[in-house]
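Contents: one structure, followed by commentary.
Heads up: numbering here begins at 1 and tracks the sequence.
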Amino acid sequence: MNKLSIRYYSQDIKRHQHNYHQLVLPLHGEIFITLNNDFKTTVSTGSCIVIEKNVVHAFTADEAARFIVADLDALPENLINLLCPKISIDSRLLSYLQFIEQQLLVVSGEKLTNSTFDLFYLLLCEQSSHSNIDKRIDNVITTVKQNLAYPYTLKELADIACLSVTQFKTVFKKSTTMSALQYLTMLRMQHARALLTHSDLPIALVGERIGYNDASAFSRRFNLYFGQPPKAFAKQ
């Protein structure tokens with residue numbers, strides 16, 4: 001088992017089960033899926049549905065949509081006993097899916113195919129299940145990750161979650177144990193550190209990528225968060 005493939009589905013509803021785990025990750029379009037006749041959801045690009053072995057599932061999708069499907073002997077620990085089988089995937093895995101698509105569309109050797117799967121699995125192990133996160137807050141986090149430089153206000157974030165500002169602050173804190181501002185700062189700082197470590201972007205441009213147009217303000221905030229200045233992480 002342990003293989004990746006590109007799949008296309010139709011609008012005809014299909015139902016089956018199998019004795020291995022399966023993940024469906026949309027590349028383009030979305031899929032509507034039902035698990036064990038009780039959990040129903042639509043899975044689109046940026047998310048993934050985890051189908052445990054022997055679970056009966058029904059699904060339908062537009063014929064123009066396509067998906068990366070992973071058949072697994074075993075699930076990584078972070079995807080076992082999920083409260084919700086639908087999870088968000090981060091930008092790294094999403095980008096890697098595009099690479100996988102190109103690899104699968106050409107004839108390649110077993111060694112390259114196995115290496116492609118190995119990296120996919122490693123990235124999968126680093127995904128947060130968000131199993132304890134309210135779906136409305138998960139939508140906010142997904143939106144924020146797509147543009148970390150945007151100066152989000154609490155009102156804008158609350159609107160994405162379809163909540164009042166007061167409700168939003170309460171639900172966000174309950175879901176993540178952090179305030180929305182603290183969580184946004186965490187995402188921005190982690191992204192900045194990754195850019196400094198793995199790219200040759202100047203420190204000022206890294207700051208701009210996460211919403212700091214003032215390089216000095218970015219350096220102060222980064223130093224306060226990590227206890228070291230940006231230049232300590234900058235690629236030489």
Roughly how far, to the nearest 0.5 Å, is the [atom2] atom of [Y] from the [atom1] atom of [X]?
{"X": "Leu154", "Y": "Lys169", "atom1": "CG", "atom2": "NZ", "answer": "6.5 Å"}
{"X": "Arg136", "Y": "Ile160", "atom1": "CZ", "atom2": "CD1", "answer": "14.0 Å"}
{"X": "Gln22", "Y": "Leu75", "atom1": "CD", "atom2": "CG", "answer": "11.0 Å"}
{"X": "Met186", "Y": "Leu181", "atom1": "CE", "atom2": "CG", "answer": "12.0 Å"}
{"X": "Gln190", "Y": "Leu195", "atom1": "CD", "atom2": "CG", "answer": "12.0 Å"}
{"X": "Asp214", "Y": "Ser219", "atom1": "CG", "atom2": "OG", "answer": "8.5 Å"}

Where does the angle between the aromatic ring planes of His16 and His18 fall among parallel (under 30°), tilted (30 to 60°) and perpendicular (over 60°)? tilted
For [X] against [Y], the heavy-atom pair lying closest together:
{"X": "Met178", "Y": "Tyr183", "answer": "CE-CD1, 3.8 Å"}
{"X": "Phe168", "Y": "Ala180", "answer": "CE2-CB, 3.7 Å"}
{"X": "Lys173", "Y": "Ser179", "answer": "CD-N, 3.8 Å"}
{"X": "Thr142", "Y": "Ser88", "answer": "OG1-OG, 3.5 Å"}
{"X": "Ala74", "Y": "His21", "answer": "CA-CD2, 3.8 Å"}
{"X": "Gly46", "Y": "Leu94", "answer": "N-CD1, 4.1 Å"}

Evaluate side chain to side chain contact (heavy atoms under 4.5 Å, CB included) for Asn37 paired with Val56, printing each intermediate quantity in order. CA-CA 8 Å; Asn37 296 314; Val56 177; 5.6 Å; no
Looking at residues at least two apart in the chain, or sitting in another chain, which of them share a side-chain contact (heavy atoms from CB on, under 4.5 Å) with Leu205? Leu201, Pro202, Glu208
Report yes if some heavy atom in the side chain of [X] is under 4.5 Å from a heavy atom in the side chain of [Y]; otherwise report no.
{"X": "Met189", "Y": "Arg221", "value": "yes"}
{"X": "Pro85", "Y": "Leu35", "value": "yes"}
{"X": "Leu93", "Y": "Phe120", "value": "yes"}
{"X": "Ile49", "Y": "Leu23", "value": "no"}
{"X": "Lys155", "Y": "Asp159", "value": "yes"}
{"X": "Phe218", "Y": "Ile210", "value": "yes"}

Kindly write out the residues that satisfy ring pair (Phe, Tyr, Trp, His ring centres under 6.0 Å) with [X], not counting sequence neighbours, or none if the list is empty.
{"X": "Phe117", "value": "none"}
{"X": "Tyr9", "value": "Phe59, Phe67"}
{"X": "Tyr150", "value": "Tyr152"}
{"X": "Phe226", "value": "Phe222, Phe233"}

Side-chain heavy atoms under 4.5 angstrom apart, residues restricted to Ile, Leu, Val, Met, Phe, Trp, Tyr: same cluster for [X] and [Y]?
{"X": "Leu122", "Y": "Ile68", "value": "no"}
{"X": "Val69", "Y": "Leu104", "value": "no"}
{"X": "Leu79", "Y": "Leu25", "value": "yes"}
{"X": "Tyr20", "Y": "Val55", "value": "no"}
{"X": "Val24", "Y": "Tyr121", "value": "no"}

Check: [X] side chain, [Y] main-chain N or O, donor-acceptor pair, under 3.5 Å:
{"X": "Ser47", "Y": "Val43", "result": "no"}
{"X": "Tyr96", "Y": "Thr116", "result": "yes"}
{"X": "Arg188", "Y": "Leu148", "result": "yes"}
{"X": "His57", "Y": "Asn36", "result": "no"}
{"X": "Asp71", "Y": "Lys3", "result": "no"}
{"X": "Asn78", "Y": "Gln127", "result": "yes"}
{"X": "Lys86", "Y": "Thr42", "result": "yes"}
{"X": "Glu63", "Y": "Ser10", "result": "no"}
{"X": "Asp90", "Y": "Arg92", "result": "yes"}

Going through the distances and angles, do Lys174 and Asp134 end up as a side chain to side chain contact (heavy atoms under 4.5 Å, CB included)? CA-CA 9 Å; Lys174 182 178 180 181; Asp134 187 288; over 6 Å; no
More than 12 foreign heavy atoms under 6.0 Å from CD1 of Ile13: is that the case here? no
Sequence-distant partners of Glu101, side-chain hydrogen bond (donor to acceptor under 3.5 Å, both in side chains), two or more places apart: Arg66
